[in-house]
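Take a look at the structure below.
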Amino acid sequence: MRRLTVELPGRAYPVLVGAGARHRLGEVLPAGAGRAAIVTQENIPWAVDTGIEQKTFVMGDGEPEKNLETVEELCRGFARWGLHRHDVVVAVGGGVVTDVAGFAAAVYHRGVRVVHVPTSLLGQVDAAIGGKTGVNLPEGKNLVGAFWQPEAVLCDTETLATLAPREYRSGLGEMAKYAFLGVDGLRDLALDEAVAACVACKAAIVSGDERESGSRALLNYGHTLAHALETAGSYDLRHGEAVAIGLVFAARLAECLGRIGPQRVAEHRDLVSSYDLPVEVPPGLAAAELVTIMGRDKKASGDDLTFVLDSSRGLEVVPHIPAATVTEVLEETLR
Ligand code: GLY
């Protein structure tokens, strides 16, 4: 079992990575918690035993369930059961579950402690680590949320064996991002090691910039277009599939802006394709609509867009990219 730490002032927390990590819940439950509200979905086959009184709250399946109504239902369920401020929420599932349960924990009683047990690859390498929680609005992804750090994260790699192939590949899209954030040789690592390497990379970035006032934004590589694709396509794409397309698009945009050469764009395309993930924007989406949605992104300003882009110095946050340039590169891709 690998033990990593997200170092935050006064609030460091462990991330355990390895087969059977979910059985370590008893070790990481916060002191004083008398009851545990387990938030999960019908199709998650992983039972957990907290060793204290527990009750399971089942939320709906899929990205459309990541909304304020689900948070309200969960909080009302917690209240009816009598979950108190010193108790704990345990989220067992993929990124949708940890995002929603984390947000419900952040707002219920103005904040109860939460432990994440991510059971998807995407959740283990990204969503469950770092304290971002939230839900979508019809206007865009993750527009309502809170930073709410978990007490611990248990990445049980045993749970990855039963993922549907498309779900697993979606996680690889998020994993591919870490190759461009400096994790070397990702493709050659055994699964446990690869998950731990991504967690270590994310933990280091989050430790340096918890609230995304600087370097944490690099974790959004590939996400500006990805979120717009998911919103415009009514979530037909899995998040990791959209990120895969977003990574290749970001490389093309960086090339158009003279930041990288065609060889580096090819490296992006090759890595994404090697994971059997899509590289092209799906047909039927209009560049103008995607750019409008990107303009509503939390990182946009006025008519200009902000992207994380590659360069010879590595990834950088690049503000003030004219919407017209982004539209032009998108239109070329859509041709
Ligand atoms: N998923 C990006 C972040 O946690 O900052």
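Just so you know, ligand 1 is whichever comes first in the structure, and atom 1 is the first atom listed for that ligand. Below, each value reflects all heavy atoms present in this structure, side chains not excepted, and no hydrogens, waters or symmetry copies.
The distance criterion of under 3.5 Å between nitrogen or oxygen atoms is met by Lys202 with respect to ligand 1.
A tilted orientation is assigned to the rings of Phe249 and Phe307, their planes being inclined by 30° to 60°.
Under a hydrophobic clustering in which Ile, Leu, Val, Met, Phe, Trp and Tyr are joined whenever their side-chain heavy atoms come within less than 4.5 Å, directly or via other members, Val183 and Leu218 fall into the same cluster.
Close approach to Asp126 involves these atoms of ligand 1, each under 4.0 Å from a residue heavy atom: 1 (N). Per-residue contacts place Asn220 under 4.0 angstrom from the following atoms of ligand 1 (heavy atoms of the residue considered): 2 (C).
Glu210 and Gln149 share a side-chain donor-acceptor pair at under 3.5 Å.
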**Request:** Quick one: do Asp61 and Asn43 satisfy side chain to side chain donor-acceptor pair (under 3.5 Å)? Show the steps, please.
**Result:** CA-CA 8 Å; Asp61 205 10; Asn43 63 350; 3.0 Å; yes
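The nearest heavy-atom contact from the protein to atom 5 (O) of ligand 1 is Arg216 NE, 2.7 Å.
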